[in-house]
Amino acid sequence: MKQQQLVKLHFSNLDGAYIRGMSVHIWKNNGEKTKLFVKNNEFKIPKNQGFYVVDIVINSTRGTIQYAANVQIQ
């Protein structure tokens with residue numbers, strides 16, 4: 001991923017569920033966690049290069065789901 005890249009989350013099959021809220025955090029390898037601002041299912045990648053874990057939590061009318069991914073910011 002590139003520094004300051006805009007990431008848009010697209011949900012193709014919600015099966016009638018409604019998204020109530022979403023949070024995105026990015027974790028550094030030292031355990032430091034930063035909450036990213038999310039608007040209209042979009043968030044911006046931070047400008048600091050390195051390896052991170054992106055943690056996305058989605059609350060919907062059908063429950064909560066969490067996704068995590070390793071990313072490298074260049």
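Counting begins at 1 with the first residue of the sequence. Scope of the values below: all heavy atoms of this structure, side chains included, with no hydrogens, waters or symmetry mates.
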Practice item. Without swapping roles, check the side chain of Ser60 against the backbone of Ala17 for a donor-acceptor pair under 3.5 Å. Key: no
**Study point:** In one Ile/Leu/Val/Met/Phe/Trp/Tyr side-chain cluster, 4.5 Å: Trp27, Val24
**Key:**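 Different clusters: Trp27 never reaches Val24 through Ile, Leu, Val, Met, Phe, Trp or Tyr contacts under 4.5 Å.
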Check your understanding: Out of curiosity, Arg20 CZ to Arg62 CZ, how far, rounded to the nearest 0.5 Å?
Key ->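 Between atom CZ of Arg20 and atom CZ of Arg62 there are 11.5 Å.
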Exercise for review: Drop me the distance from Asn29's CG to Asn70's CG, to the nearest 0.5 angstrom.
Suggested key: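 So the gap between those two atoms works out to 11.0 Å.
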Exercise for review: Check whether any side-chain heavy atom of Val57 lies under 4.5 Å from a side-chain heavy atom of His25, and answer yes or no.
Suggested key: no
Point to revise | Any Gln74 side-chain heavy atom under 4.5 Å of Gln72 side chain | key: yes
Point to revise | Set of residues satisfying side chain to side chain donor-acceptor pair (under 3.5 Å) with respect to Thr64, sequence neighbours excluded | key: Asn59
Please report, to 0.1 Å, the donor-acceptor pairs under 3.5 Å made by any side chain of residues 31-55, with sequence neighbours excluded.
residue	atom	partner	partner atom	Å
Tyr52	OH	Asn48	O	3.1
Asp55	OD1	Gln66	NE2	2.5
Asp55	OD2	Gln66	NE2	3.2

